[in-house]
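First comes the structure, then the notes that go with it.
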Amino acid sequence: PESITVQDLANRMAEKVSDLTKALFKMGSPASSIDTIDQDTAELLVTEFGHEIKRVSEGDVDIRHDEDVDDAEHLKPRAPVVTIMGHVDHGKTSLLDALRGANVVAGEAGGITQHIGAYQVKTPDGSIVTFLDTPGHEAFTEMRQRGANVTDIVILVVAADDGLKPQSIEAIKHAKAAGVPIIVAINKVDKEGANPQRVRERLLEHELVVEEMGGDVQNVEVSALKKTGLDKLLEAIAMQAEIMELKANPDRAAEGTVIEAKLDKGRGPVATILVRRGTLKVGDIFVCGAESGRVRALIDDQGKQIKSATPSMPVEVLGLGGVPMAGDTLTVVENEARAREVAAYRHGEALKKRTVQAPVSLEGMFEALA
Ligand code: GDP
Ligand code: MG
């Protein structure tokens, strides 16, 4: 929308609405709290209250790259990003481990797997799938609330001996709200009392109609314990991804999302970044949340140092000035001066958010005005 109500603007600025109406009166454009004002008037008002709107708006568009959509001709296929959700004890962790195990590169004794919060697996047809390692709908919704919609596909794990439970239903709701397709992994089919058919029937009540019943929801019977059905599950993901035609432009300055971050004793601040578009390279200067830095090293999910990371790849990034937060965006910028400027701005915003009850976000304001 190109207009905003005075009340909304006041909320976004964390100013009193009466102060805004007074200012508007003085400016010769009287308006009440429920009136809408145009973008120019809003900008004037914001400047009047001491917020530097011009620079912020320009900077912001620049920082977030929201406006610069990649041309279709530059898009190349990318791996789907998958989150595993489901009721407690239905086997999310076991399934993540089993799938990861299926990928251990032959010849690597013991298969030293690194925990970096996400990993990639090869499907039987040779395509790649990225799994986020933090199961559960809390991580999923938290990331979404922070504006980081990284998941392309949700795997709903349902134990065949236990059936749909409250958290299964929660997961269905979250995936649906996010518009993310669901594949159902019916787990523990090795167990006595396993009843996969009952699970399929119960799914109907939640508008998930499996293929066998004439719907388009894929379901795969698996056993994370006996490691059966894993290839089928990977195939189902590959098929779903193909339908979705997931693409990104790898040939541009990189942009990614923080999956997890920590302060490592020996290595300093370390963040696992899921590259969303572009190619992240060693030496790149970036802003990450309120931190800036230069990529000192990139480490993949196998613990190997790599030179660059392409879309949908999870990678550990070393060279951060501080520890960012999960859900933060990493953006590669042209030079250090720009990185510092953007980081300082974001830092200020973060501080404001902490001190003001109703969060002031000029970024949010511009979303409403744009
Ligand atoms: P989460 O809470 O969803 O992460 O579930 P876990 O992966 O921790 O599994 C809960 C329990 O179920 C553990 O004792 C697992 O060993 C067991 N389990 C997981 N998958 C299977 C399976 O396919 N078959 C059987 N029999 N047990 C399983
Ligand atoms: Mg678990």
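Note that the structure is predicted; figures quoted are calculated from it, not measured. Note that ligands are numbered from 1 as they come in the structure, with each ligand's atoms numbered from 1 the same way.
In this structure, Lys226 does not count as a contact residue of ligand 1, since none of its heavy atoms falls inside 4.0 Å of the ligand.
In terms of polar-atom proximity, Val189 is not counted as a contact of ligand 1, lacking any N or O under 3.5 Å from an N or O of the ligand. Backbone and side-chain nitrogen or oxygen atoms of Lys191 are examined, and none is located within less than 3.5 angstrom of a nitrogen or oxygen of ligand 1. Remark: ligand 1 and Ala224 share an N or O pair separated by less than 3.5 Å (distance only, no angle test). Residue Gly91 places at least one N or O, backbone or side chain, under 3.5 Å from an N or O of ligand 1.
At a heavy-atom cutoff of 4.0 Å, ligand 1 is contacted by both the backbone and the side chain of Thr93. With a heavy-atom cut-off of 4.0 Å, Leu225 touches ligand 1 through backbone and side chain alike.
With hydrogens and angles left out, the side-chain atoms of Asn187 and Glu221 include no donor and acceptor closer than 3.5 Å. Checking Ser32 against Asp35 by side-chain atom types alone, a donor-acceptor pair falls below 3.5 Å. Of the N and O atoms on the side chains of Glu255 and Thr331, not one donor lies less than 3.5 Å from an acceptor on the other residue.
With hydrogens and angles ignored, the 3.5 Å screen pairs no side-chain donor or acceptor of Tyr345 with any backbone N or O of Arg340.
Atoms of ligand 1 found under 4.0 Å from any heavy atom of His87 (numbered from 1 in listed order, with element): 3 (O). Remark: ligand 1 atoms within the under-4.0 Å shell around heavy atoms of Asp89 are 1 (P), 2 (O), 3 (O), 5 (O), 10 (C), 12 (O).
With Arg277 as the partner, the side chain to side chain donor-acceptor pair (under 3.5 Å) test is satisfied by one option alone out of Asp251, Asp70, Asn249: Asp70.
Side-chain contact between Met239 and Met244 is absent, with no heavy atoms from C-beta onward closer than 4.5 Å.
Using a cut-off of 2.8 Å, one finds that Ser94 contributes no N/O/S atom close to the Mg ion (ligand 2).
Atom CE of Met27 sits about 6.0 Å away from atom OG1 of Thr41, to the nearest 0.5 Å.
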